[in-house]
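Down below is the structure, laid out as structure tokens.
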There are 2 protein chains.
Amino acid sequence: MKIGELSAATGCPIETIRYYEKEGLLPGAARSEGNYRIYNTSHRDRLTFIRRCRSLDMSLDEIHHLLLLQKTSGENCAGIDHVIEQHLSHVSERIRELQGLKRQLAELLAQCSAPGKTDDCGILKGLTGGSNEDKRGGHVPRTHR
Amino acid sequence: MKIGELSAATGCPIETIRYYEKEGLLPGAARSEGNYRIYNTSHRDRLTFIRRCRSLDMSLDEIHHLLLLQKTSGENCAGIDHVIEQHLSHVSERIRELQGLKRQLAELLAQCSAPGKTDDCGILKGLTGGSNEDKRGGHVPRTHR
DNA sequence: TTGAAACCCTGAAGCAACTCCAGAGTCAAG
DNA sequence: CTTGACTCTGGAGTTGCTTCAGGGTTTCAA
């Protein structure tokens, strides 16, 4: 199949397919006379795999790693298990961070509507470094993604 | 104060300070004879504000917007309230997405350890497009951050 | 057969929000 | 006067794509 058909079959945009090839995630395809890429079902399966991993928010590096393990470690599942576990802990970490943010944002909103008078916005005060307990030391490390 | 002092005072890296200036978030500083940037306390307050917003995971665009509102709408707090609310809903959305991912990853891990025999990894099967209900239609839109 | 539409190719640039680097100038202390 | 700490500018690198310019190829209908 040509790239457009692979794209239709997997839901992955054409440019992204070419990008994965350039990045070494997809092996280079055979070429037709007119220099068109020609794919087979194993390409399709691999692309499906990649897209599924991406939809789980794994980085291309993680996926790369997974593809290597898939090739080399014929039987033992441990390495793969480990990659997934690690990714899961990334995701959990990020959820915790975002829940912290959510709480802080809700507090800010409360500061705004709470006092009867709104001469100058409580939110702005909150943001400029006023009274919140953990204003320093914030700096969420932006772990991954 | 010079840029290094401002950096120390706010915890913001020097390069980032220059970057904010280039992006128009910080007004250009006065210059010394030797062409060093010279900052005052109002710069420091503004930078603190920006960093606090960033630590709440707002985009530079949102912060820009907020700074404009701060200048123009002397008294009414509504616009600012709105920006924060909208950002809060971004964050909530992202949390929901990540919780979905977390659930799927946990399922994958279960597939691995569940069967007594591990001839070929259940995780890999799960990832290559096998049996999970919502394998298509995934495509988390990566809303923002 | 021709010619227009639909498809494909490459390489480069753009996005966010920085970070890091090279190569050079400035300033304070010893 | 030299050393080292600090600062300057402009440009490239990061991630995972997307968009674009400027072409070639295939296919289908008139």
Side-chain angles (χ1 to χ4, degrees), chain A residues 1-26 28-39 43 47 49-67 87 90 94 138-145, chain B residues 1-26 28-39 43 47 50-67 87 90 94 97 138-145:
Chain A
M1 52 173 116
K2 288 186 289 181
I3 200 169
E5 301 169 80
L6 179 60
S7 170
T10 58
C12 178
I14 290 176
E15 293 87 357
T16 303
I17 296 175
R18 288 197 281 247
Y19 173 73
Y20 288 159
E21 178 182 326
K22 200 175 52 166
E23 295 299 298
L25 287 168
L26 271 181
R31 296 299 181 118
S32 73
E33 291 225 348
N35 199 32
Y36 286 11
R37 289 173 180 82
I38 303 297
Y39 296 98
H43 286 99
L47 180 54
F49 178 85
I50 295 170
R51 292 303 274 183
R52 185 117 172 75
C53 291
R54 286 294 295 135
S55 85
L56 294 173
D57 222 16
M58 294 184 209
S59 71
L60 296 191
D61 252 18
E62 283 174 310
I63 298 172
H64 221 108
H65 194 168
L66 225 42
L67 286 169
H87 181 63
H90 283 336
R94 184 71 183 142
H139 262 224
V140 173
R142 252 150 218 44
T143 50
H144 154 255
R145 308 206 17 68
Chain B
M1 52 174 116
K2 287 187 290 181
I3 199 168
E5 301 169 78
L6 179 59
S7 171
T10 58
C12 177
I14 290 177
E15 294 87 354
T16 304
I17 296 174
R18 288 197 280 248
Y19 173 73
Y20 289 160
E21 178 182 326
K22 200 176 51 169
E23 295 300 299
L25 286 168
L26 271 181
R31 296 298 182 117
S32 73
E33 292 227 346
N35 199 32
Y36 286 10
R37 290 172 179 82
I38 303 296
Y39 296 99
H43 287 99
L47 181 53
I50 295 170
R51 293 302 275 182
R52 185 117 171 78
C53 291
R54 287 293 297 135
S55 85
L56 294 172
D57 222 16
M58 295 184 209
S59 70
L60 296 191
D61 253 18
E62 284 174 308
I63 297 172
H64 222 109
H65 193 167
L66 224 44
L67 287 169
H87 181 63
H90 284 336
R94 184 70 183 142
E97 288 170 10
H139 262 225
V140 174
R142 254 151 219 41
T143 49
H144 155 254
R145 295 215 28 71

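Lettering of chains follows the sequences in order, A, B, ..., and the numbering in each one begins at 1. A quick note: this is a predicted structure, and the numbers were derived from the prediction, not measured. Computed over heavy atoms, backbone and side chain alike; hydrogens, waters and symmetry mates excluded.
Taking the side chain of Tyr19(B) as heavy atoms from C-beta on, and the options dC18(C), dC17(D), dC8(C), the nearest nucleotide is dC18(C). Of the candidates dC17(D), dC8(D), dC18(C), dC8(D) carries the atom nearest the Arg31(B) side chain, counting heavy atoms from C-beta on. In the set dC18(C), dG16(D), dC8(D), dC8(D) carries the atom at the smallest distance from any side-chain atom of Arg37(B). Of the candidates dC18(C), dT18(D), dT9(D), dT18(D) carries the atom nearest the Thr16(A) side chain, counting heavy atoms from C-beta on.
Here dG16(D) presents its P atom at 18 Å from CD1 of Ile17(A), a figure rounded to the nearest Å. Distance Met1(A) CE to dC8(C) C1': 16 Å, rounded to the nearest Å. Here dC6(D) presents its C1' atom at 11 Å from CD of Glu5(B), a figure rounded to the nearest Å. Regarding Ile50(A), its CD1 atom lies at a distance of 13 Å from the C1' atom of dG16(D), rounded to whole Å. Straight-line distance from the CG atom of Asp61(A) to the C1' atom of dC17(D): 15 Å, rounded to whole Å. Atom CD1 in Ile14(A) sits roughly 11 Å away from atom C1' in dA6(C) (whole-Å rounding). Here dT15(D) presents its P atom at 13 Å from CD1 of Ile63(A), a figure rounded to the nearest Å. Tyr20(A) places its OH atom 14 Å from the P atom of dT15(D), with the value rounded to the nearest Å.
The ring pair (Phe, Tyr, Trp, His ring centres under 6.0 Å) test applied to Tyr36(B) returns no partner, not counting sequence neighbours. His43(A) pairs by the side chain to side chain contact (heavy atoms under 4.5 Å, CB included) definition with Pro27(A), Ala29(A), Tyr39(A), Asn40(A), not counting sequence neighbours. Not counting sequence neighbours, the partners of Glu23(B) by the side chain to side chain contact (heavy atoms under 4.5 Å, CB included) test are Tyr19(B). Ser7(B) pairs by the side chain to side chain contact (heavy atoms under 4.5 Å, CB included) definition with Ile14(B), Ile17(B), not counting sequence neighbours.
Here the CG-CG distance, from Leu67(B) to Leu26(B), works out to 9.0 Å after rounding to the nearest 0.5 Å. Distance NE2/His65(A) to SG/Cys53(A): 12.5 Å, rounded to 0.5 Å.
Helix bend of the helix from dT1(C)-dA30(D) to dG30(C)-dC1(D): the angle between its two end axes, each built from five pairs, comes to 30° after rounding to 10°.
Remark on DNA chain C: of its neighbouring residues Ile38(A) and Lys22(A), the 5'-side contact belongs to Ile38(A), judged by nearest-heavy-atom nucleotide.
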Do nucleotides 20-26 of chain D as a string where each nucleotide becomes B, S or -: B if the base has a protein heavy atom under 4.0 Å, S if just the sugar-phosphate does, - if no protein is that close. ----BBS
Go through it in stages, so that I can follow the logic: the residues are His64(A) and Leu25(A), the test is side chain to side chain contact (heavy atoms under 4.5 Å, CB included), and I'd like the CA-CA distance, side-chain angles, deciding distance and then a yes or no. CA-CA 6 Å; His64(A) 221 108; Leu25(A) 287 168; 3.5 Å; yes
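Ion pair Lys2(A)/Glu5(A) not flagged as a salt bridge, since none of the NZ, NE, NH1 or NH2 atoms sits closer than 4.0 Å to an Asp/Glu carboxylate oxygen. Using a 4.0 Å cut-off between charged side-chain N and carboxylate O, Asp57(A) and Arg51(A) make no salt bridge.
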